[in-house]
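Heavy-atom basis, side chains included; hydrogens, waters and symmetry copies ignored.
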Amino acid sequence: MTISQESVLLWDDEVNKLEARAVCNSSQYKYIEGLPCITVGFTYENRHFRGYDYFTFFDQGYIDLIKTIQETYRTMNGIFRLYDMGADTDGFIEFNCKNGILKIKGQLGASFSEKFLNFRFEADQTLLSALLNCLEIF
């Protein structure tokens, strides 16, 4: 899969770095012809490891995800998960925000593949804002 050069830095505290990347239209997955979807790449890295995965979001699922992220950002409380709605991977990124403290955990790459990366870290609400902005743009 070809990814574009367009990327958004979601978080970088000099220990943990999370980035979202737009996927070129010609490389977007087409699970069901005529069903609108968007594929976004995510990269996590720290001093020792780097992992990436692609998640495809379908039309209504994508709309619901945006609403959930908006509500979490507005209230500074909520839990949501990014994952491939087409089930090509069991990778995910989970965001748990409680009273403004954001805990992120995830797995990039499928657990049934030779290489995958599990990670977890804490961030602040600026990550939610960046995530929301990039998903609305992509």
Side-chain angles (χ1 to χ4, degrees):
M1 170 167 291
T2 306
I3 58 175
S4 77
Q5 296 302 317
E6 184 179 353
S7 67
V8 175
L9 182 61
L10 302 174
W11 183 258
D12 187 356
D13 64 2
E14 298 182 7
V15 175
N16 300 285
K17 184 176 179 181
L18 185 63
E19 197 170 38
R21 294 189 176 274
V23 175
C24 300
N25 282 340
S26 62
S27 296
Q28 291 283 329
Y29 286 121
K30 305 292 183 207
Y31 289 98
I32 301 170
E33 197 60 43
L35 180 64
C37 64
I38 183 170
T39 302
V40 180
F42 290 92
T43 303
Y44 168 81
E45 67 180 281
N46 62 25
R47 291 183 182 124
H48 306 288
F49 300 101
R50 184 171 196 250
Y52 63 90
D53 209 340
Y54 301 97
F55 301 148
T56 297
F57 308 108
F58 292 107
D59 191 29
Q60 190 58 50
Y62 183 71
I63 292 167
D64 293 343
L65 176 63
I66 296 294
K67 288 178 183 177
T68 301
I69 297 170
Q70 288 171 334
E71 181 65 13
T72 301
Y73 185 65
R74 187 183 68 72
T75 64
M76 288 293 123
N77 287 291
I79 299 172
F80 61 92
R81 182 179 272 222
L82 306 179
Y83 63 95
D84 188 80
M85 294 176 181
D88 270 350
T89 177
D90 59 351
F92 68 93
I93 305 174
E94 184 175 280
F95 299 81
N96 185 338
C97 188
K98 186 172 182 181
N99 299 322
I101 299 170
L102 185 61
K103 295 182 179 182
I104 298 96
K105 69 179 179 180
Q107 173 186 299
L108 297 180
S111 61
F112 51 81
S113 67
E114 188 176 311
K115 296 179 183 178
F116 63 93
L117 175 68
N118 288 309
F119 64 92
R120 69 178 57 228
F121 65 96
E122 289 188 10
D124 63 32
Q125 71 274 9
T126 59
L127 189 152
L128 290 176
S129 176
L131 178 64
L132 187 57
N133 288 334
C134 86
L135 288 178
E136 288 176 339
I137 292 169
F138 290 162

* Residue list, side chain to side chain donor-acceptor pair (under 3.5 Å) with R47, at least two apart or on another chain -> none
* To do: Measure the CG-OH distance between L108 and Y52 for me, rounded to the nearest 0.5 Å.
  => 10.5 Å
* **Atom pair CD1 (I104) and CZ (F119), whose distance is rounded to the nearest 0.5 Å** => 8.0 Å
* Rounded distance [0.5 Å steps], CD1 in I101 versus CD in Q125 -> 10.5 Å
* **side-chain contact (heavy atoms from CB on, under 4.5 Å) against D64, all qualifying residues, sequence neighbours excluded** => Q60
* Contact check, side chains of N77 and N99, non-hydrogen atoms, under 4.5 Å -> yes
Going by atom type alone, with no hydrogens or angles, which donor-acceptor pairs under 3.5 Å involve a side-chain atom of residues 9-16 and a protein atom two or more places apart or on another chain?
| unit_1 | atom_1 | unit_2 | atom_2 | d |
| --- | --- | --- | --- | --- |
| W11 | NE1 | D13 | OD2 | 3.3 |
| D12 | OD1 | E14 | N | 3.0 |
| D13 | OD1 | V15 | N | 2.9 |
| D13 | OD1 | N16 | N | 2.6 |
| N16 | OD1 | Y44 | OH | 2.4 |

* Heavy-atom side-chain proximity of N133 to V8 below 4.5 angstrom -> no
* **Non-hydrogen side-chain atoms of F121 and N46 separated by less than 4.5 Å** => no
* Gap between atom OG1 of T72 and atom CG of N96 - 0.5 Å precision -> 9.5 Å
* To do: Taking all heavy atoms of L117 and all of G51, pick out the closest pair and write down the distance.
  => CD2-N, 3.5 Å
* Asked: Given side chains that start at C-beta, do those of L128 and F80 come closer than 4.5 Å, heavy atoms only?
  -> yes
* Asked: Are L82 and F57 close enough that some pair of their side-chain heavy atoms sits under 4.5 Å apart?
  -> yes
* **Set of residues satisfying salt bridge (Lys or Arg N to Asp or Glu O under 4.0 Å) with respect to K103, sequence neighbours excluded** => none
* Counterpart residues, ring-ring contact (aromatic ring centres under 6.0 Å, His included), relative to F42 (two or more places apart) -> F55
* Structure fact -> Interatomic distance, CZ@R74 vs CD@Q70, rounded to 0.5 Å, equals 10.5 Å
* **Euclidean distance, D124 CG relative to S129 OG, rounded to 0.5 Å** => 10.0 Å
* Structure fact -> Smallest heavy-atom separation, G41 atom then Y54 atom, equals CA-CD2, 3.7 Å
* What closest approach, in Å, do T68 and I79 show between heavy atoms, and which atom pair accounts for it? -> CG2-O, 4.2 Å
* To do: Please identify each residue that fulfils side-chain contact (heavy atoms from CB on, under 4.5 Å) with Q107, with sequence neighbours left out.
  => D90, F92, S111, F116, N118
